[in-house]
Each structure stands twice: as C-alpha cells, then as structure tokens.
Amino acid sequence: MAVFMAILAFILIMLFTCTALLKWNELRYRKKGLPPGTMGWPVFGETTEFLKQGPNFMKNQRARYGSVFKSHILGCPTIVSMDPELNRFILMNESKGLVPGYPQSMLDILGKCNIAAVHGSSHKYMRGALLALISPTMIRDQLLPKIDAFMRTHLINWDNNIVNIQDKTKEMALLSSLKQIASVESSSMSQKFMPEFFKLVLGTLSLPIDLPGTNYRQGLDARKNIVSMLRQLIEQRRASQETHQDMLGYLMRSDENRYKLSDEEIIDQIITILYSGYETVSTTSMMAVKYLHDHPRVLQELRKEHLAIRERKRPGDPIEWNDLKSMRFTRAVIFETSRLATIVNGVLRKTTKEMELNGFVIPEGWRIYVYTREINYDPYIYPDPLAFNPWRWVDKSLESQNYLFIFGGGTRQCPGKELGIAEISTFLHYFVTRYRWNEIGGDKLMRFPRVEAPNGLHIRVSSH
C-alpha cells in the first residue's frame, strides 16, 4: 500500500509540475496585442508536435485560432501566418523590418555570409554575385554543357536493375552541382565531400543543442570539414595559376568579376549554392519519377516531347539552350510536381522592430513563419487541387499569379530557379528516353517536415 501511495504521489507531483510549466510558459508570452495560440513547453515549445503532425498541427491551430496564431517552434517564439494576403505582404516588404529569420542551427551551419543570413545592402551584393554565376547566359554557355555531360554519365547502365531513385537523385543533385562549381576536381572531391554534406543538411534542420552525437554537432563538424576542403581547393588553384571555366573559377577571378568576395564569402556562397539546390532538385526529380509512374498519360506526353527533341539530333548530340526552351510540357511537369508534393512548406522571417500586422502587435525579434503549403491546394487557384495535372501550367498564366510561392517570393525568390529547372529537365530527358520503370512497391513516403522515403523509393528499370 505504501508503495502504491508513493507512486500515486509521484504521478500527482509530475502532473502538477507539468501543468505549472505549461501555464508559466503561456503567461510568459501573454503580451497585449499578440495573436491567440499556445506556446507549449519551455525551451522546446511545440516543436515536437509541429514536426510530428506537420500540416495537421497547422490545420488544427488554424481551426482554433484563425489564420494567424502564435506558437513556439524550432527554438523560437513564432507567429504562424496561413493568410495568403498577409504572406504576400511579408515576402514583398523586407525593407519594412521583415528580414530572414532562419533557425539558428541553419545560420550557424551554412555560415554568416550565406545569402539567407544577410539582408539590406549585404544581401543585394551577395545576391548579385550569385545571380552573375547562374544568369541565363551562364546557364546557356557554361553550365548546361556540364549538366548534360554529367546526366549522360550518371544515367548509364540503370537498365535491368533495381534502383533506389531517392539515393540516385540525391547523388545527382549534389554531384551535378559539384561539377558546375569545380569541374576538374569534382570527381576526386566527391567521395569525401558527399557524406559530410549529407550530415550538414541534417544539422540545419535540428535544434541547436551542441552536445556530442546530436545532428547539430555533426552538422557543425561537417561544415568545418567542408570548409577545409574548399579552402584547400582555393589555395591549390591560386598556386597553379590555371584558369578554370566553372563557378569557383569565376568567383576567384577578381579582375573579371565586379563582385569581389573574400575567401570566406566565396566558401559560404558555394555552400549556399550546394545547399539550396540539393533539396529542391533531388526531391522534385524523385517525385516527378513517382508521379510519372502513377500517371501514364502524363508520361506519354512528356516522352513524346523528349523523343521529338532526340529525333532532331544525332545520337551523341547534347541538349542545348534551344532544346531546353522548347521543353514546355517538361516545365509544366516540374511546376506541378513542386506544387503537389510541396517541396517547400514555407519560409521564415524575423521582425527587426515591433510592428502591427493584420491588427496584431508582433514584438521585435519574433519569427514569422510564412506557411505557404495550403495555398498549393486552394481550389480557387488550382481546380481539382489534389490531381496531378501539368496541363494547368502550359499557358504560363499560373506562373505569374500573385500567390505562387513554390519558389519563394519577393526579393528572396529562389535565384537558382531556372538553373534547377535546367537540371531536372535534363535529368528527365535522358531518363524517359532511355528507360521504362515500375515501382517495387511497399515504400512509404513522408510529406513533412521534408518530402522523403525513409527506406528509399525502389524502382525496377528496363530499357525503353
């Protein structure tokens, strides 16, 4: 009996303590003018519920509190906006005190000079340096030939094999970018670089807990190793005095480049290019393969477009700029894949001063999560929104509508959008003209916080 009473007392004390902690945390953030909402536990907030429940967490909170509510996620007090008009205002008005507000783990691991961490004149300068690397002229003359050569090799000998398309597209996205950045050295770097890069990516989406074994610590260590590799590469190139026609070569030629960057800025710029393109290119490519398998009519139309391009060429001819511009249905497939799969759920901003938004007072230093996922399934913008229908994008009018956030928005719209489309288009070209495929089955897909297949997405490939 005494043991039972002791256990009961312990349970009651724990319940009281938990209730008190939750109440204290709510009172701590109960400021006049804030949107309604809940703040969860001290330090951790509602991060666990947010990551586990994802879209359902957002829908439940919206049902209780409306389209603008407060929470505490990823280590920060945060205002979540699911209001399309307010989201557009936030993305278009960085100069009014709404600057990037990415999680501390991401800022620490990607570097203080990365384009997501800076704002104002610094952002304008770094964005200009990045756009010079991936302009339409650079894509046409320098990058597309490298992409084409890489995809031809990467997609060799897949026939009569079971392929994990998730792993293949991850490798493709990273190695293709490495070839564009450091064309000569990319093959020798890749085996050391790849495992470190994958740890870096995991670390950016973790709580900033700097303890041995955590994803955050592993991400920081991976960054150190990547910085060391890139610094060594820069020093080797300076010593050789050879001219290299790739992104790193362009960044290092200060006499030809109006954007003069320090070595630290060059390294952070390279990490930014690798990081920003990796997730979107790999996941969009994987999901395109998935959707094409599930929708034979779409695959037939896509294959028709690419076979027509091949018929105009000799067998060994590469994809060129005019070929890329003619891939209208391919572009539609990429946009529809990005929309339906929701590769990017939203973006984070931070207030630099107290401000009023939609009648609510937002304190200085709070994060605002511009949650754009739901707009992708708005039936007023996308009739029959859960259907995979690339034809809705063919006339391009949807590309210019006000609530297209799949590539970001405002001054922070993804600068590498067209480069990413070129990579995915070239991948799809060689994939659908060379192969047929069937899913093995049994593989599960997670849709939040990132789109991934935890055990891989396996397909059986045969020659076309």
Check whether the side chains of [X] and [Y] place a donor and an acceptor atom closer than 3.5 Å, and report yes or no.
X: Y275; Y: T204; value: yes
X: Y377; Y: T342; value: yes
X: S176; Y: Q180; value: yes
X: E452; Y: T283; value: no
X: S183; Y: D246; value: yes

Which residues pass the ring pair (Phe, Tyr, Trp, His ring centres under 6.0 Å) test with Y291, sequence neighbours left out?
F388
To the nearest 0.5 Å, how far apart are [atom1] in [X] and [atom2] in [Y]?
X: L202; Y: F197; atom1: CG; atom2: CZ; value: 10.5 Å
X: L445; Y: N455; atom1: CG; atom2: CG; value: 11.0 Å
X: L86; Y: L91; atom1: CG; atom2: CG; value: 9.5 Å
X: L34; Y: I79; atom1: CG; atom2: CD1; value: 5.5 Å
X: D443; Y: Q166; atom1: CG; atom2: CD; value: 9.0 Å
X: T284; Y: I343; atom1: OG1; atom2: CD1; value: 4.0 Å

List the atom of [X], the atom of [Y], and the distance in Å for their closest heavy-atom pair.
X: E171; Y: F150; value: O-CZ, 4.5 Å
X: I375; Y: T372; value: CG2-O, 2.9 Å
X: R217; Y: L211; value: CB-O, 3.3 Å
X: N164; Y: L457; value: OD1-N, 3.1 Å
X: L107; Y: Y102; value: CD1-O, 3.7 Å
X: L233; Y: L248; value: CD2-CD2, 3.6 Å

Answer yes or no: is there a side-chain heavy-atom contact under 4.5 Å between [X] and [Y]?
X: Y371; Y: E374; value: yes
X: F69; Y: M58; value: yes
X: I226; Y: L200; value: yes
X: D108; Y: R223; value: no
X: I368; Y: L357; value: yes
X: D384; Y: P379; value: no
X: T38; Y: E46; value: yes
X: I165; Y: T169; value: yes

Can E85 and R88 be said to form a salt bridge (Lys or Arg N to Asp or Glu O under 4.0 Å), step by step?
CA-CA 5 Å; E85 290 292 343; R88 187 164 185 269; 5.6 Å; no
Quick one, K224 with V227, criterion side chain to side chain contact (heavy atoms under 4.5 Å, CB included). Give me CA distance, side-chain angles, the key distance, then yes/no.
CA-CA 5 Å; K224 289 176 186 174; V227 168; 5.8 Å; no
Are F329 and W391 close enough that their ring centers fall under 6.0 Å?
yes
Is it the case that over 12 heavy atoms from other parts of the model lie below 6.0 angstrom from the CZ atom of R450?
yes
Check E336 with R331, please: is the shortest side-chain N to carboxylate O separation under 4.0 Å?
no
Distance under 6.0 Å and angle within 45° of the ring axis: does R349 meet both against W366?
no
Identify whether NZ of Lys or CZ of Arg in R339 sits under 6.0 Å from the centre of the six-membered ring of Y382 and within 45° of that ring's axis.
yes
Is it true that a side-chain atom of T351 and a backbone atom of P363 form a donor plus acceptor pair closer than 3.5 Å?
yes
Could you list the residues that satisfy side chain to side chain contact (heavy atoms under 4.5 Å, CB included) with K96, not counting sequence neighbours?
F89, N93
What is the ring orientation for Y278 with F198, classed by angle as parallel under 30°, tilted 30 to 60°, or perpendicular over 60°?
tilted
Any residue meeting salt bridge (Lys or Arg N to Asp or Glu O under 4.0 Å) with D294, in chain and number order, not counting sequence neighbours
K290
